[in-house]
Amino acid sequence: MRRTTKLDQWSQELRDVRDPAALFGGSAQAAVLRLLTMAGKVPFRAAFDGLTLREQAVVRHLLGRQQLRLTAPGADAPPAQFVLAHSPLGKLTVHEPARGDLPTDETVAELALPEWIIEMVDEECLPTQAEEEHQRHELDHMLYSWNADGTLAERLEEVIDWVERVETVLIYIGRRIFSRSDSGSSTLIRDGVLPALRGRAPGDWCPEERLFVAAIQLLFRTGRAVRFEEFNGRQLSAVSLRRVLTTRCAAYLRALGEQATGQLSTATLAELAALAGDLVGLVDAGGHMRYRRVNGLTYAKDEFLMPWEPDQRVQDDLPMTLYPASTALADDDADAGEWVRRATADALRAAHTGGDERELSAILEGIVLGAVVDARADYGMSSGIRDLSRLDGPAGQYGQDVAELKKPDFFCCVLPSPQMAADLPAAAVTDILWQVAQRMMYNRWHFVPGNFDRVEVPRQRHYFFPPLVPDIGEWGDLRHGGHSTARVRYTLRAPGAAMWKQPFTVGGRQYRGAFDIRLVRMEGPPFTLADMRVACRYSALVDVFWREIAAYADAHGGWTPTITAYSGEWYAKEAWREPVQRLELAEDSAGVPA
């Protein structure tokens, strides 16, 4: 049987969205919204933000006007004033050939508008363009001041380096695409947009390039390179940058119980970026949790805040999936976190004296499967390093021990839900789990260097900044080849150590993104915030597990067990069945109905 590929799925999605019966059988409003949002797979707000100012004005004037219609390309004589194109990525663009704006992607429809509507579009664009020009003066002034004080070259090199530290950059400025992707276009590095700026004064850069470099510098100040992803699939403008920075500062101040004053509206962009960067740590330590929503079609990762007190982010009840891991502790009154700590300590002592780490593996498997069951996921995982002592070392120093780490030095425990294990052939389950495990081992290896200062990491070592906050994702299977074959449509990720906890410390080194809980649904419904709370609570149990191992190492001369499970052989032997069977036995003994 031929495996469905990313290309197969995506090609079918494009055909469905561009179906002539859907585009030309009703109002232009409905048809344009269909193209704009990929039939609802991209939130309207995010899709609309990807349009140019003039395109936004055109779309706004379609809303509510049911009499307007799209026509097939070439059907109008004379030609319609507006041509709609749809890119291979599913991005809608609206062009006006009479103004010299010609489409470069596939033309899917044309639109004729009465002169009075076009006049209103023109009227709306003039003040918005004027505001954008006004705001850009501030960013240009920053660039010229950096050039004058001799720091521009260094700042450009920082931007070149930073865009390599996130999985995807896909930002629009007008009609230009500023991108860096392993699987898509890479105008910033591979096509040389940023390197071509070296040694040139900012006056010789085009306006879009000046805007991009200045904005990226400010966004990094608010929270490292992951902030760039919040503009993925969107238009980056000076106006939108100010709006995002002002909104973020206001949201953080509100979460901290402080009043946002009119000073935000008069602050410079640099001051707003600095304030957001200063506030974010205070927010993480307070009663709100930051999280992100990830759209697999636009690569956008939008940050939100959720009221959630830290004492509610722990797992109180011991999940059924952990009972068989240590029957001696099963009836203890301790909460789940304390139970995991004691069980891990017992398992470490057993491994230290007998060399068998299977009890440790059973604890981790119980945590992962508990998250899968409680969040009603199809499968879930947690990844980490096989030998924790490899992360030990002097504070802040990258060191040869870390430099020598390779992908096989990491593992990923991926387990199916009992329902998935029953519904799919065992070979299909094994194939999916092992594919996912390999990808997560690669990711974990890629995250480690992101915990060190840039000067510590060799230039040739590619890495990503580690994930810091939980996220909810959708439509991951329509862009990512590995997600397509592993049927990763809806996702949850709760990285550890969580930002409301101290960093995970091994010896003298501190780490974020060293472990996690990740959950997957192969089809709907999407995950909810309630499910994310579940994932965070189970990630907190993983945190207890790893901190106990680190503490044991500190008390025993640095000794740590080597986790040998979750290799290719482990999956090939269908060892993933054992945790599922242990759960079934626990449910039977507890009288839980099937």
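Along the sequence shown, the residues carry numbers beginning at 1.
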Query raised in the report: Cationic tip of R292 within the cone over F304's six-membered ring, i.e. under 6.0 Å and within 45° of the normal?
Result: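 No cation-pi geometry.
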How about [X] and [Y]: do any of their side-chain heavy atoms sit closer than 4.5 Å?
{"X": "D531", "Y": "R376", "value": "yes"}
{"X": "M381", "Y": "V436", "value": "yes"}
{"X": "I160", "Y": "V163", "value": "no"}
{"X": "P416", "Y": "L433", "value": "yes"}
{"X": "V83", "Y": "E96", "value": "no"}
{"X": "P43", "Y": "N295", "value": "yes"}
{"X": "F212", "Y": "V193", "value": "no"}
{"X": "Q263", "Y": "E271", "value": "no"}

Charged N to carboxylate O below 4.0 Å: is that the case for [X] and [Y]?
{"X": "E110", "Y": "R69", "result": "no"}
{"X": "E124", "Y": "R54", "result": "no"}
{"X": "R34", "Y": "D19", "result": "no"}
{"X": "E303", "Y": "R293", "result": "no"}
{"X": "R493", "Y": "D516", "result": "no"}
{"X": "E132", "Y": "R136", "result": "yes"}

Hey, could you give me the [atom1]/[atom2] distance between [X] and [Y], rounded to the nearest 0.5 Å?
{"X": "E209", "Y": "L156", "atom1": "CD", "atom2": "CG", "value": "10.0 Å"}
{"X": "R537", "Y": "D374", "atom1": "CZ", "atom2": "CG", "value": "10.0 Å"}
{"X": "W308", "Y": "C536", "atom1": "CH2", "atom2": "SG", "value": "4.5 Å"}
{"X": "L35", "Y": "R18", "atom1": "CG", "atom2": "CZ", "value": "8.0 Å"}
{"X": "W434", "Y": "C412", "atom1": "CH2", "atom2": "SG", "value": "9.5 Å"}
{"X": "D204", "Y": "R210", "atom1": "CG", "atom2": "CZ", "value": "9.5 Å"}

Requested in this report: State whether a side-chain donor-acceptor pair under 3.5 Å links E133 with Q129.
Outcome: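 No pair is found: no donor N or O on one side chain lies under 3.5 Å from an acceptor on the other.
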Report task. Determine whether the side chains of E158 and Q217 contain a donor N or O and an acceptor N or O closer than 3.5 Å. Result ->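 Result is yes, a qualifying pair exists.
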I'd like to know if the side chain of [X] and the backbone of [Y] have a donor-acceptor N/O pair within less than 3.5 Å.
{"X": "R521", "Y": "P526", "result": "yes"}
{"X": "S539", "Y": "A535", "result": "no"}
{"X": "Q135", "Y": "R242", "result": "no"}
{"X": "T187", "Y": "S179", "result": "yes"}
{"X": "S240", "Y": "L236", "result": "no"}
{"X": "H446", "Y": "P466", "result": "no"}
{"X": "T246", "Y": "R243", "result": "no"}
{"X": "T247", "Y": "V244", "result": "no"}

Heavy atoms only: give me the nearest [X]-[Y] pair and the separation to one decimal.
{"X": "L275", "Y": "L264", "value": "CD2-CD2, 3.7 Å"}
{"X": "V520", "Y": "A377", "value": "O-CB, 3.5 Å"}
{"X": "R234", "Y": "D49", "value": "NE-OD2, 3.3 Å"}
{"X": "R15", "Y": "Q12", "value": "NH2-OE1, 2.7 Å"}
{"X": "R165", "Y": "A225", "value": "CB-CB, 4.4 Å"}
{"X": "L70", "Y": "A31", "value": "CD1-CB, 3.5 Å"}

Output all residues satisfying side chain to side chain donor-acceptor pair (under 3.5 Å) with [X], sequence neighbours left out; order by chain, then residue number.
{"X": "T52", "value": "E55"}
{"X": "E208", "value": "none"}
{"X": "R200", "value": "none"}

Report task. Taking atom CZ of R60 as the centre, report whether more than 12 heavy atoms of other residues, nucleotides or ligands fall under 6.0 Å from it. Result -> yes
Report task. Verify the neighbour count for atom CD of Q67: are there more than 12 heavy atoms of other residues, nucleotides or ligands below 6.0 Å? Result -> yes
**Report entry** For T298, the option from L89, L170, V42 that meets side chain to side chain contact (heavy atoms under 4.5 Å, CB included)
**Finding:** V42
Report task. Verify salt bridge (Lys or Arg N to Asp or Glu O under 4.0 Å) between D105 and K91, making sure each step is shown before the conclusion. Result -> CA-CA 9 Å; D105 295 314; K91 184 180 188 303; over 6 Å; no
Query raised in the report: Can Q29 and R65 be said to form a side chain to side chain donor-acceptor pair (under 3.5 Å), step by step?
Result: CA-CA 7 Å; Q29 166 187 273; R65 305 187 193 277; over 6 Å; no
Query - Mutual orientation of the aromatic rings belonging to W162 and F228 [parallel < 30°, tilted 30-60°, perpendicular > 60°] - result: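 Ring orientation of W162 relative to F228: tilted.
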Requested in this report: Can you label the angle between the F464 ring and the F447 ring as parallel, tilted or perpendicular, going by 30° and 60°?
Outcome: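 It falls in the tilted class, 30° to 60°.
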Requested in this report: Applying side chain to side chain donor-acceptor pair (under 3.5 Å), run through S186 and R180 and close with a yes or a no.
Outcome: CA-CA 4 Å; S186 185; R180 195 221 63 84; 5.6 Å; no
Query raised in the report: Where do D477 and R487 land on the salt bridge (Lys or Arg N to Asp or Glu O under 4.0 Å) test, with the steps shown first?
Result: CA-CA 6 Å; D477 57 333; R487 298 178 62 185; over 6 Å; no
